[in-house]
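Please read the structure below before turning to the comments.
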Amino acid sequence: MNHLLAFCRRRPHALNLLVLLLFYLATSSTAPGATTLAAKGKTAFRIVIPSDAIPAERYAAEELQRYLEKISGVHLLIVSDSERPVREEILLGNNTHLHKLAPDFAKLGTDGFALKADHHHLVIAGGRPRGTLNGVYTLLEENLGVRWFTSELEMVPPTNRVVLPVINQVRIPALEYREVFWTEMMRDGDFAARHRLNGPNCHLSAKHGGAAVVYFPFVHSMDSLVPPELYETHPEYFPLIKGKRVNGYVQRCLSNPDVLKMSIARVRQWIKEHPDANIISVSQNDTGKWCQCEQCKAFDDEEGTPAASMIRFVNAIAADLERDYPKIRIDTLAYQYTRKPPKSLRPHRNVIIRLCSIECCFAHPLASCSSEENRRFREDIIAWQPVAPKLYIWDYTPNFGHYQQPFPNFDAIQPNVQFFVQHGVQGLFEQGNYSGGGNGELGPLRAYLLAKLLWNPDTDLRHHTEEFLKAYYGNASVQIQQYLDLLEAQVREGKAHAHIFDSSKAAYLNDGFLHSADEILTRAETASQDDAVRFRVQVARLPVWYVQLATGRVSGSGRADLLTRFLEVARKAGVSNISENQSLDAWAKKISQ
Ligand SMILES: [Zn+2]
Ligand SMILES: [Zn+2]
């Protein structure tokens, strides 16, 4: 830089030339390779879709048209590739106008795409069904600055000139199945699709390319496979525990041949009744209580884990179905008592193992936290990776016992998604606050960041956080960021671990934290520029108030006032539940006693 300035000082004429050249490069529509999609209210481009476009490709064209118009005011035409090519075209999908620009579609899979921009052409060509739509959203987000922060809050930067640099990339997502199970991502299929999520709970329809995986049932299917009522006539179908066949919410005796026969018949019936399902869940009930009869126990002991009886049972079903239904997979859990894989038994090739991280510390990365839980989880995922034909993860991201309680896991969410991908995981279900009515502890932010990570585990999460906070909390974003830093500081350097069923007395929710948090969030409320932002800040304060109320830190009339304030904001924000099993009203009744 110094050299250049010195050079220019001696030769002022050269400086002028340089400035002119830079100006030209920055503004010229004929800069080498740049693609000017629209300028001064005009465009030379039109959007071309295949004549046999599927609904998601047609919708991709409409979304691109809609957002280019929002950005530039220019309305592009959508035409079919049966029309004769013109010089400037935006080519979507597997398009006959592509010629030499065509990517290798077979490599793109169902969700990947090629993105090319080179002067006269913009190519967004993806695999079916979701690739082209994913490509449109990626272009809008990464190249044109569009953001979908919540289903109601989007950002579209307007410009007179829509110019793209030379782009030539192929993008195939690291995860084939991406699901954020937070209410904020489960309300609106359009919003979930814009985040390129593809899970069965995202409300995706044909225009979004549908869901990548369609489960039936979703999980914990033992009661449906072998109904509990059969206990009366066939106690031998049920688990032997401490010498007695038990009923209630329990597992089944998986060495019993009739249990297997009945389960195969039931799965075949499900497949007929749910022709859309491509994954059938044959999975343990959400409890322990597995069978320890002589046959079950002998096999489990030999294989070193009760997962052995489960996998042998699942394998028998999977093998039976394989010939008739080659595209269907059987999913089972590696969860709690079945988390450790068998020594030598291998899951059949059409089986998915869904490994669950429920016991782990989420304050620190799974890869590096010193806790015994995380050490064991590392051991299990390393053992499953080479033997699971397909490995999915059921991961956990809120405090699940207290939806409104501060959960210090922001530092760990990115390393954890990266850790899963590094261990061969192909599907990630991020368990969130799905039944609290929305607006759980920083729910909108969490849902947004998780969606970003599932699409691209290496994305710049700090940048996304900053953008979100600025857009959502406006003038109060500085304080909300301070609050996030304060929360994370409680667990940094291994000070305390954090688990999803931590009580309100957890070490990281100490007096010092609550005092500083309250002070920062009071300032945030004062800094809010309008009622909408102020209300969002009040919703962000609920978790701190929740702990103050739950631990009796505020007493006397102050307590009644705080509860009134908490309930007023919570109800206005649509909060209905404080945990999976407790409504807001039931909690309020308990807390006011
Ligand atoms: Zn048994
Ligand atoms: Zn930890």
Side-chain angles (χ1 to χ4, degrees), residues 28-144 146 159 161-173 193-194 196 206-210:
S28 169
S29 61
T30 52
T35 308
T36 304
L37 292 181
K40 295 179 189 163
K42 290 203 170 71
T43 184
F45 281 83
R46 54 189 201 168
I47 300 170
V48 185
I49 57 173
S51 53
D52 68 342
I54 59 170
E57 288 162 352
R58 206 166 285 279
Y59 183 62
E62 290 161 8
E63 284 280 83
L64 184 63
Q65 180 189 52
R66 182 166 19 251
Y67 278 95
L68 286 176
E69 188 162 0
K70 282 189 188 194
I71 292 168
S72 68
V74 175
H75 183 81
L76 277 79
L77 286 180
I78 300 173
V79 301
S80 149
D81 63 359
S82 56
E83 291 198 15
R84 206 181 307 161
V86 296
R87 202 169 74 136
E88 269 93 12
E89 290 189 327
I90 300 177
L91 303 172
L92 296 194
N94 197 345
N95 199 301
T96 57
H97 295 193
L98 282 168
H99 303 293
K100 281 180 186 167
L101 295 168
D104 183 349
F105 281 94
K107 284 191 180 153
L108 300 175
T110 53
D111 286 56
F113 56 86
L115 193 58
K116 294 179 195 181
D118 191 2
H119 210 37
H120 297 307
H121 290 102
L122 168 61
V123 175
I124 310 171
R128 283 183 174 173
R130 288 170 299 276
T132 298
L133 187 58
N134 286 341
V136 163
Y137 292 137
T138 301
L139 176 91
L140 290 172
E141 191 173 59
E142 294 184 7
N143 299 94
L144 300 174
V146 177
T159 175
R161 297 173 52 81
V162 184
V163 183
L164 295 174
V166 175
I167 304 173
N168 188 5
Q169 49 180 254
V170 170
R171 299 276 286 270
I172 297 161
R194 284 168 185 157
R196 285 139 276 170
K207 71 172 185 177
H208 308 114

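Just so you know, these numbers come straight off a predicted model, no measurement behind them.
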- prompt: Between Phe105 and Ala125, which heavy-atom pair has the shortest distance, and what is it?
  reply: CZ-CB, 3.7 Å
task: Could you check if a side-chain atom of Leu92 sits within less than 4.5 angstrom of a side-chain atom of Glu57, using non-hydrogen atoms only?
output: no
- request: Kindly write out the residues that satisfy salt bridge (charged side-chain N to carboxylate O under 4.0 Å, His left out) with Glu88, not counting sequence neighbours, or none if the list is empty.
  value: none
- request: For the pair Glu141 and Arg194, evaluate salt bridge (charged side-chain N to carboxylate O under 4.0 Å, His left out) and give the outcome as yes or no after the intermediate values.
  value: CA-CA 9 Å; Glu141 191 173 59; Arg194 284 168 185 157; over 6 Å; no
- request: Indicate yes or no for a side-chain donor-acceptor contact from Asp81 to the backbone of Ser51 under 3.5 Å, with no hydrogens or angles considered.
  value: yes
message: Donor-acceptor pair, distance only, cut-off 3.5 Å: does the side chain of Arg130 make one with the backbone of Gly210?
response: yes
- request: Could you tell me whether the side chain of Leu115 reaches within less than 4.5 Å of the side chain of Arg171, counting heavy atoms only?
  value: no
Close side-chain approach of Leu64 to Ile124, heavy-atom, < 4.5 Å: yes
message: Apply side chain to side chain contact (heavy atoms under 4.5 Å, CB included) to residues Phe45 and Val162 and explain how you reach the verdict.
response: CA-CA 11 Å; Phe45 281 83; Val162 184; over 6 Å; no
query: Does the side chain of Pro103 reach to within under 4.5 Å of the side chain of Leu108, using non-hydrogen atoms?
result: yes
query: Of the options Asp111, Asn134, Thr138, which is the one that meets Arg196 in a side chain to side chain donor-acceptor pair (under 3.5 Å)?
result: Thr138
query: So which of Val163, Leu68, Val74, Leu76 actually passes side chain to side chain contact (heavy atoms under 4.5 Å, CB included) with Leu37?
result: Leu68
task: Supply the atom-to-atom distance Ile47 CD1 to Glu63 CD, rounded to the nearest 0.5 angstrom.
output: 11.0 Å
- request: Write down the atom of Lys116, the atom of Asn168, and the distance for their closest heavy-atom approach.
  value: CG-OD1, 3.5 Å
field: Residues forming a salt bridge (charged side-chain N to carboxylate O under 4.0 Å, His left out) with Lys207, sequence neighbours excluded
entry: Asp190
task: Check for a donor-acceptor pair, side chain of His119 on one end and backbone N or O of Ala34 on the other, with a separation under 3.5 Å.
output: yes
message: Could you walk me through whether Glu62 and Ile78 satisfy the side chain to side chain contact (heavy atoms under 4.5 Å, CB included) test, starting with their C-alpha distance in whole Å, then the side-chain angles of each, then the deciding distance to 0.1 Å, before giving a yes or no?
response: CA-CA 8 Å; Glu62 290 161 8; Ile78 300 173; 4.2 Å; yes
Residues in salt bridge (charged side-chain N to carboxylate O under 4.0 Å, His left out) contact with Arg58, at least two apart in sequence or another chain: none
message: Between Ile49 and Thr132, is there a side-chain heavy-atom distance shorter than 4.5 Å?
response: no
message: If you apply the rule side chain to side chain contact (heavy atoms under 4.5 Å, CB included), what do you find for Asp118 with Val123, and how did you get there?
response: CA-CA 9 Å; Asp118 191 2; Val123 175; over 6 Å; no
- prompt: Do Leu164 and Leu144 have side chains that get closer than 4.5 Å, going by heavy atoms?
  reply: yes
- prompt: Where do Ala117 and Leu122 come nearest, in terms of heavy atoms and distance?
  reply: CB-CD1, 4.0 Å
field: pair His121-Leu101: side-chain heavy atoms closer than 4.5 Å
entry: yes
- request: Before giving the answer on side chain to side chain contact (heavy atoms under 4.5 Å, CB included), spell out for Tyr67 and Val136 the whole-Å C-alpha distance, their side-chain angles and the decisive distance to 0.1 Å.
  value: CA-CA 10 Å; Tyr67 278 95; Val136 163; over 6 Å; no
- prompt: With distance as the sole criterion, is a donor-acceptor pair present between the side chains of His120 and Glu89 under 3.5 Å?
  reply: no
message: Return the CG to CD1 distance between Leu77 and Ile90, rounded to the nearest 0.5 Å.
response: 11.0 Å
message: Between Pro129 and Thr110, is there a side-chain heavy-atom distance shorter than 4.5 Å?
response: yes
query: With no hydrogens and no angle check, is any side-chain donor or acceptor of His208 less than 3.5 Å from a backbone partner on Leu133?
result: no
field: Spacing of Arg66 atom CZ and His75 atom NE2 [to the nearest 0.5 Å]
entry: 10.5 Å
